[in-house]
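Quick caveat: nothing in here was measured; it's all calculated off a predicted structure. Residue numbers count from 1 along this sequence.
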Amino acid sequence: MKNILVINCGSSSLKYQVLDMTDETLLAKGLVERIGMDGSVINHTKTGCDKVVMEVPMKDHKDAIAQVLAAVQDKEYGVVKNMDEIGAVGHRVVHAGEMYAESVLITESVIQALEDCIELAPLHNPANILGIEAVTKVLPNTPQVGVFDTAFHQTMPEHAYMYGLPYEFYDKYRIRRYGFHGTSHDYVSAKGAEIAGLDRASCKIVTAHIGSGASMAAVLNGKSIDTSMGLTPSEGLMMGTRAGDIDSGVIEYLMNKKDYDPEFLAPFLKKATPGKTHLDLEDLTFLLTKKSGVAGISTQGSDMRDVAKAAEEGSERDRLALSMHAYRIKKYVGAYAAALGGIDLLVFTAGVGENRAAMRTEVCQGLEFLGIKLDESINEVTYGGKSQVISAADSRVKVVVVATDEEYMIARDTYDILNK
């Protein structure tokens with residue numbers, strides 16, 4: 001086995017890499033953005049060459065996978081002559097309950113476990129399964145490995161992962177906090193400590209993975225002790241289309257109301273139903289995961305670049321969306337500093353965390369009492385994949401931006417599993 005293709009399907013994006021694992025050389029990488037939205041695009045970069053950007057309609061993740069496979073085989077900017085040169089495919093996989101705490105070779109039973117957990121990760125598990133199925137059609141004899149988002153968080157203590165429900169619900173149904181983005185939190189906490197000149201094994205780190213999906217983690221001496229996502233990826237921060245933390249009474253109120261104006265309700269239904277005056281459970285899940293968060297507050301949808309542009313042009317709703325988004329992150333920084341008993345390092349990563357300097361500024365303002373102070377001259381020019389310290393020289397807490405590389409971690413796990 002030489003070349004590994006890594007597929008990382010998010011809710012509206014897909015990252016990929018092709019690596020030669022004989023020396024861990026990156027051959028090509030890419031990002032598919034705005035899947036299922038207007039303006040979907042694939043950004044493909046062959047190592048040592050200029051980025052190729054192609055606007056291609058992609059209604060779902062199957063279309064996105066097809067574009068990825070075409071790009072890596074392209075005669076001009078591809079890196080393999082045909083897919084026989086791919087020795088294995090590693091997939092980022094979101095949720096399988098307590099079935100798997102480590103990366104595994106994908107089998108029919110693994111796929112069944114993912115299907116059984118769709119209700120726990122309705123935005124992600126279907127995308128993960130589509131990615132696996134699309135690759136299987138093209139490479140039926142190529143081994144595939146699932147690398148689970150939840151694995152890094154398996155070190156959480158019981159008091160952190162349990163909910164305040166009757167214990168019997170955990171005992172029978174394993175309802176608990178699992179956490180997600182674990183591959184990213186693992187990578188950036190280690191890389192961030194390295195960049196800051198700290199030893200991850202003996203420091204207190206808060207990591208903020210801020211993309212369309214977003215989560216934070218408290219990492220103590222290299223181990224996750226808490227994280228913002230829970231049983232599903234819907235808990236925690238306000239995200240691109242997800243509400244995040246919400247009073248359960250709001251859900252009860254929405255479900256019990258039976259006299260909605262049908263015209264008002266129509267845009268928030270999963271399936272168009274003329275004259276419908278109430279929300280059922282499927283509609284409510286759709287509302288909270290697809291129509292809420294930044295997309296629910298802003299006038300521009302979930303893409304933070306569009307929201308920021310509208311805010312700069314004077315839109316009060318878009319300004320509110322940005323403020324709410326940053327405020328939730330700030331609250332979790334304070335909460336996790338308390339859980340850790342202090343903080344030595346704050347790490348920002350993922351699409352928004354790596355590229356939106358204004359968000360990092362807003363999060364850190366007012367946290368001087370914790371010892372957090374940014375160097376704005378550095379913060380303002382830190383974007384586009386730069387990994388560096390952005391805190392001021394006299395900041396007690398180091399603040400670092402790290403370009404996450406979940407794909408590298410997935411490739412390493414894939415290689416290790418198939419070479420045991």
Side-chain angles (χ1 to χ4, degrees), residues 153 156 159-161 163-164 177 179-181 184-185 188-189 192 204-220 224-251 288 292-298 302 304 307-308 311 318-354 356-374 379 390-391 395-401:
H153 301 303
M156 284 190 291
H159 67 260
Y161 71 69
Y163 287 118
R177 180 182 306 283
F180 302 92
H181 296 136
S184 177
H185 288 295
V188 302
S189 60
K204 301 165 181 177
I205 305 172
V206 175
T207 50
H209 177 109
I210 313 299
S212 178
S215 69
M216 294 179 66
V219 182
L220 179 63
S224 174
I225 65 163
D226 205 350
T227 190
S228 59
M229 285 179 170
L231 174 73
T232 77
S234 297
E235 187 181 357
L237 301 171
M238 176 178 171
M239 302 175 230
T241 63
R242 282 167 268 179
D245 293 336
I246 190 168
D247 177 5
S248 62
V250 173
I251 297 171
L288 293 175
S292 298
V294 173
I297 300 297
S298 78
S302 63
M304 295 294 282
V307 178
D318 290 281
R319 287 177 184 169
L320 175 61
L322 295 176
S323 295
M324 291 173 65
H325 181 260
Y327 179 66
R328 302 288 184 90
I329 299 167
K330 179 184 292 190
K331 287 205 298 183
Y332 267 96
V333 174
Y336 285 163
L340 290 163
I343 177 172
D344 301 310
L345 174 65
L346 172 61
V347 181
F348 288 99
T349 192
V352 180
E354 293 171 30
R356 184 165 166 72
M359 180 275 292
R360 298 190 297 257
T361 296
E362 192 167 353
V363 169
C364 292
Q365 283 177 344
L367 297 181
E368 292 82 5
F369 74 99
L370 288 176
I372 294 173
K373 182 180 179 183
L374 293 187
N379 181 44
I390 61 171
S391 49
S395 179
R396 185 184 60 76
V397 175
K398 296 287 187 181
V399 184
V400 179
V401 173

Rounded to the nearest 0.5 Å, how far does [atom2] of [Y] lie from [atom1] of [X]?
X: Asp318; Y: Ser323; atom1: CG; atom2: OG; value: 11.0 Å
X: Thr361; Y: Ile390; atom1: OG1; atom2: CD1; value: 7.5 Å
X: Met238; Y: Met324; atom1: CE; atom2: CE; value: 4.0 Å
X: Ile225; Y: Tyr161; atom1: CD1; atom2: OH; value: 14.5 Å

**Prompt:** Within a reach of under 6.0 Å around NZ of Lys330, are more than 12 heavy atoms found that belong to other residues, nucleotides or ligands?
**Reply:**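 Counting neighbours around NZ of Lys330, more than 12 heavy atoms of other residues, nucleotides or ligands fall under 6.0 Å, so yes.
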**Request:** Please check if atom OH in Tyr327 has more than 12 non-hydrogen atoms from other residues, nucleotides or ligands closer than 6.0 Å.
**Result:** no
What are the two closest heavy atoms between [X] and [Y], and how far apart are they?
X: Leu237; Y: Met216; value: CD1-CG, 3.7 Å
X: Ile372; Y: Leu346; value: CD1-CD2, 4.2 Å
X: Leu345; Y: Gly192; value: CD2-C, 3.7 Å
X: Val206; Y: Ala337; value: CG2-N, 4.4 Å
X: Ile343; Y: Val397; value: O-CG2, 3.3 Å
X: Ser189; Y: Ile205; value: O-CD1, 3.7 Å

Ignoring hydrogens and angles, tell me if any N or O in the side chain of [X] forms a donor-acceptor pair with the backbone of [Y] under 3.5 Å.
X: Arg177; Y: Tyr163; result: no
X: Tyr336; Y: Ser228; result: yes
X: Asn379; Y: Ala357; result: yes
X: Ser224; Y: His153; result: no
X: Asp344; Y: Lys204; result: yes
X: Arg319; Y: Ala311; result: yes
X: Arg396; Y: Lys373; result: no
X: Arg356; Y: Met304; result: no

**Request:** Go through His325 and Val307 one step at a time and tell me if the side-chain contact (heavy atoms from CB on, under 4.5 Å) criterion holds.
**Result:** CA-CA 11 Å; His325 181 260; Val307 178; over 6 Å; no
**Message:** With a 4.5 Å cut-off on side-chain heavy atoms, are Val399 and Arg360 touching?
**Reply:**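 No, their side chains stay 4.5 Å or more apart.
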**Prompt:** Should Val219 and Val347 count as side-chain neighbours, where that means a heavy-atom distance under 4.5 Å?
**Reply:**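 A side-chain contact is absent here, since even the closest heavy-atom pair is not under 4.5 Å.
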**Request:** Take Glu354 and Thr349, measure what side-chain contact (heavy atoms from CB on, under 4.5 Å) needs, and give me the verdict at the end.
**Result:** CA-CA 5 Å; Glu354 293 171 30; Thr349 192; 3.2 Å; yes
**Asked** Could you give all pairs that pass the side chain to side chain donor-acceptor pair (under 3.5 Å) test and reach residues 207-217, with sequence neighbours left out?
**Response**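 Checked against side chain to side chain donor-acceptor pair (under 3.5 Å) - neighbours excluded - the pairs reaching residues 207-217 are His181-Ser215, Ser184-His209, His185-Thr207, His185-Ser215.
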**Item:** Full working for side-chain contact (heavy atoms from CB on, under 4.5 Å) between Asp245 and Glu235
**Value:** CA-CA 5 Å; Asp245 293 336; Glu235 187 181 357; 3.4 Å; yes
